[in-house]
Structure formats: structure tokens, C-alpha cells
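What follows is a short report on a single structure.
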Amino acid sequence: MVSIDPLTATAVAIATAATDAVYVMFTAAVVARRRVPAASWSSIWYLLSSYAVISYTENWVYVAFAAAGSWIGAFASISFLHRPPGGPPVGAGPE
């Protein structure tokens with residue numbers, strides 16, 4: 001029988017939601033051709049994703065929580081991070 005720790009499941013979902021939100025910011029920085037912000041967002045992206053990967057490699061059930069968090073992160077970041085009219089994409093930042 002597979003046991004699920006609710007705290008770990010929640011943490012995996014939050015980590016992957018944050019990972020997807022950061023990925024959107026990374027992509028915006030790449031599209032804007034901003035090297036320093038893109039590199040910074042990339043570092044944060046890998047730090048966040050490593051927690052989820054380490055957590056669900058011990059128990060495959062956490063993959064479902066990772067997928068749910070990923071969906072939430074992508075949906076929320078696209079919904080709430082709007083591109084200013086005529087400006088660079090959100091997350092691009094100054095170089």
C-alpha cells in the first residue's frame with residue numbers, strides 16, 4: 001500500500017506551481033533577450049524543481065501532485081502576469 005504524506009504532497013504541488021511560474025518568467029526574459037534575468041530565473045527554476053524531483057523519486061504517487069502544481073503554476077502565471085502594453089514581457093527585467 002502506498003502512503004502519502006499530506007505535507008510532502010502539498011510541498012511538491014507548491015514547488016511545481018512556483019517552478020512553472022518561474023519558468024514563465026524565464027521564458028519572458030529569453031524572449032526579451034535579457035541574459036542576466038534569464039540566467040537568474042533559470043537558476044531559481046532548477047532549485048525549485050529539484051525539491052519536487054527528489055520528493056517524488058521516493059514515491060511515484062507524488063508525480064500526480066507535481067502535475068497538479070505544474071498546471072496551477074502555469075495557469076496562474078498566465079492569468080495574473082500581464083504584459084504591459086508596448087513594454088517588454090513580464091519578468092524580462094533590466095539587464
Side-chain angles (χ1 to χ4, degrees):
M1 175 125 186
V2 178
S3 71
I4 298 172
D5 176 22
L7 183 60
T8 300
T10 301
V12 167
I14 290 170
T16 53
T19 299
D20 267 41
V22 167
Y23 179 71
V24 168
M25 303 300 270
F26 164 75
T27 302
V30 169
V31 167
R33 300 184 55 81
R34 304 289 190 182
R35 293 175 293 178
V36 172
S40 299
W41 285 120
S42 179
S43 295
I44 295 167
W45 174 24
Y46 277 96
L47 286 172
L48 287 169
S49 64
S50 67
Y51 173 77
V53 170
I54 290 167
S55 294
Y56 66 68
T57 53
E58 293 181 14
N59 187 342
W60 63 269
V61 174
Y62 293 120
V63 173
F65 293 96
S70 177
W71 192 94
I72 291 166
F75 183 85
S77 57
I78 296 299
S79 297
F80 299 112
L81 299 177
H82 298 288
R83 179 178 176 209
V90 174
E95 189 167 332

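When reading the values below, keep in mind they use all heavy atoms of this one structure, side chains included, and skip hydrogens, waters and symmetry mates. The residues of the chain are indexed from 1 along the displayed sequence.
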OG1 (T19) and CG (L47) are apart, to the nearest 0.5 Å, by 9.5 Å
All heavy atoms of W41 vs all of A29, minimum pair found to be CD1-CB, 4.2 Å
Across all chains, not counting sequence neighbours, the ring pair (Phe, Tyr, Trp, His ring centres under 6.0 Å) partners of Y46 are none
N59 side chain vs S3 backbone, donor-acceptor pair below 3.5 Å: yes
Margin query: Let me check something: do I14 and L7 share a hydrophobic cluster, defined by ILVMFWY side-chain heavy atoms less than 4.5 Å apart, either directly or through other members?
Written below: no
Of all heavy-atom pairs linking G73 and D20, the shortest is C-CB, 3.9 Å
Here the gap from D5 atom CG to F65 atom CZ, rounded to the nearest 0.5 Å, amounts to 10.0 Å
If two hydrophobic side chains count as joined below 4.5 Å and joins carry through other members, does I44 share a cluster with V30? yes
Would you say S42's side chain and A38's backbone share a donor-acceptor pair under 3.5 angstrom?
-> no
Original post:
Hey, quick one: are V12 and V61 part of the same hydrophobic cluster, counting side-chain heavy atoms closer than 4.5 Å, chains of contacts allowed?
Top reply: yes
Using a 3.5 Å distance criterion without hydrogens, assess whether the side chain of S70 forms a donor-acceptor pair with backbone atoms of A66. no
Is there a donor-acceptor contact under 3.5 Å from the side chain of T8 to the main chain of I4? no
- prompt: Side chains of W71 and T16: closer than 4.5 Å at any heavy-atom pair?
  reply: no
